Amino acid sequence: QVQLVESGGGSVQAGGSLRISCAASGYTYSLGWFRQGPGKEREGVAVWYSGGGTTYCSDSVKGRFTISRDIGKNTLDLQMNSLKPEDTAMYYCAARTRPLGYCASGLYEYWGQGIQVTVSS
């Protein structure tokens with residue numbers, strides 16, 4: 001059984017930065033960040049794979065967001081810089097215990113409770 005607990009987040013003005021973190025327990029192959037904005041479908045943000053590979057799921061976050069994993073602490077962080085109002089969303093940490101998965105939210109088995117990120121203009 002995998003448990004995921006997100007922390008961080010909050011409110012920031014456009015152009016600012018936030019860091020969110022996910023504490024994971026149990027075995028995972030992939031850990032990722034997904035988000036769901038108001039009136040939008042859930043979308044992938046970034047994924048970290050066992051072995052150290054990463055994928056950024058959206059061109060809109062490339063160059064602004066950085067995903068990182070602390071193996072010792074079993075945490076997954078997302079550093080978000082140059083935030084825009086359109087980044088406003090509930091951010092979810094998700095885990096998959098088998099290979100593949102990539103940015104497809106439907107393939108992730110475990111989910112955290114979500115954490116709100118609000119960017120004001």
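Values in this document were obtained by computation on a predicted structure and should not be read as measured data. For the numbers below, each heavy atom of this structure counts, side chains included, while hydrogens, waters and symmetry mates do not. Positions are given from 1, in the same order as the sequence printed here.
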Undergrad: Do Trp111 and Arg42 come within less than 4.5 Å of each other through their side chains, counting heavy atoms only?
TA: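 They are in side-chain contact.
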Undergrad: What closest approach, in Å, do Gln79 and Ser17 show between heavy atoms, and which atom pair accounts for it?
TA: NE2-CB, 3.9 Å
Undergrad: Do you know the tightest heavy-atom contact between Ala46 and Leu78?
TA: CB-CD1, 4.4 Å
Undergrad: Tell me which one of Val47, Val45, Ile67 satisfies side-chain contact (heavy atoms from CB on, under 4.5 Å) with Tyr56.
TA: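 It is Ile67; the other options fail the test.
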Undergrad: Give a yes or no answer on whether the side chain of Gln13 reaches the backbone of Ser120 with a donor-acceptor pair at less than 3.5 Å.
TA: no
Undergrad: If you count every heavy atom of other residues, nucleotides or ligands that lies below 6.0 Å from Glu109 atom CD, does the total exceed 12?
TA: yes
Undergrad: Distance from Ile71 atom CD1 to Leu76 atom CG, nearest 0.5 Å?
TA: 9.5 Å
Undergrad: Below 4.0 angstrom, N of the basic side chain to O of the carboxylate: do Asp59 and Lys62 qualify?
TA: yes
Undergrad: If you take all heavy atoms of Ser82 and Arg64, which pair is closest and at what distance?
TA: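 Between these two residues, the closest heavy atoms are O-NH1, 2.9 Å.
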Undergrad: With the side chain counted from C-beta on, respond yes when Asn81 and Thr66 share a heavy-atom pair under 4.5 Å apart, and no when they do not.
TA: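 No - every pair of side-chain heavy atoms lies 4.5 Å or more apart.
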Undergrad: Is it true that atom CD of Gln116 has more than 12 heavy atoms of other residues, nucleotides or ligands lying nearer than 6.0 Å?
TA: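 Atom CD in Gln116 is crowded, with more than 12 foreign heavy atoms closer than 6.0 Å.
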Undergrad: Examine Tyr92 and Leu83 and state if one hydrophobic cluster contains both, with Ile, Leu, Val, Met, Phe, Trp and Tyr joined whenever side-chain heavy atoms are less than 4.5 Å apart.
TA: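 As far as the 4.5 Å side-chain criterion goes, Leu83 and Tyr92 are not connected within one cluster.
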Undergrad: Shortest non-hydrogen contact from Ser7 to Ile115?
TA: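 Minimum heavy-atom separation between Ser7 and Ile115: C-CD1, 3.3 Å.
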Undergrad: Would you find more than 12 non-hydrogen atoms of other residues, nucleotides or ligands less than 6.0 Å from Glu41 atom CD?
TA: no
Undergrad: So which atom in Cys57 and which in Gly44 form the shortest heavy-atom distance, rounded to 0.1 Å?
TA: CB-O, 3.3 Å
Undergrad: Inspect the surroundings of OH in Tyr102 and state if more than 12 heavy atoms from other residues, nucleotides or ligands are less than 6.0 Å away.
TA: no
Undergrad: Is there a donor-acceptor pair closer than 3.5 Å between any side-chain N or O of Asn74 and the backbone N or O of Ala24?
TA: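 At least one qualifying donor-acceptor pair exists.
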Undergrad: Same hydrophobic cluster for Leu18 and Trp33, using side-chain heavy-atom links shorter than 4.5 Å among ILVMFWY?
TA: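 In one cluster: yes.
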Undergrad: Hey, could you give me the OG/CG distance between Ser60 and Asp87, rounded to the nearest 0.5 Å?
TA: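 It is 6.5 Å, given to the nearest 0.5 Å.
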Undergrad: With rounding to the nearest 0.5 angstrom, report the OH to OG1 distance, Tyr110 to Thr97.
TA: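 Reported to 0.5 Å precision, the distance equals 6.0 Å.
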Undergrad: Can you tell me if Arg96 uses its side chain to pair, donor with acceptor, with the backbone of Ser30 under 3.5 Å?
TA: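 Checking the backbone N and O of Ser30 against the side chain of Arg96, no donor-acceptor pair under 3.5 Å is found.
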Undergrad: Check the orientation of Tyr108 and Phe34. Use parallel for under 30°, tilted for 30 to 60°, and perpendicular for over 60°.
TA: perpendicular
Undergrad: Could you report the tightest heavy-atom contact between Cys93 and Leu31, atom names first, then the distance?
TA: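 Closest heavy-atom pair between Cys93 and Leu31: SG-CD2, 4.4 Å.
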Undergrad: Please report the interatomic distance CZ(Phe65) to CG(Asp77), rounded to the nearest 0.5 Å.
TA: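 The distance works out to 14.0 Å.
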Undergrad: Just how far is it from atom CD of Glu86 to atom OG of Ser121, taken to the nearest 0.5 Å?
TA: 10.0 Å
Undergrad: How long is the span from the CD1 atom in Ile20 to the CZ atom in Arg35, to the nearest 0.5 Å?
TA: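 Those atoms lie 10.0 Å apart.
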Undergrad: Where the side chain of Glu6 meets the backbone of Gln113, is there a donor-acceptor pair that is under 3.5 Å apart?
TA: yes
Undergrad: Only one of Thr28, Thr54, Thr55 passes side chain to side chain donor-acceptor pair (under 3.5 Å) with Tyr49; say which it is.
TA: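 Single side chain to side chain donor-acceptor pair (under 3.5 Å) partner of Tyr49 among Thr28, Thr54, Thr55: Thr55.
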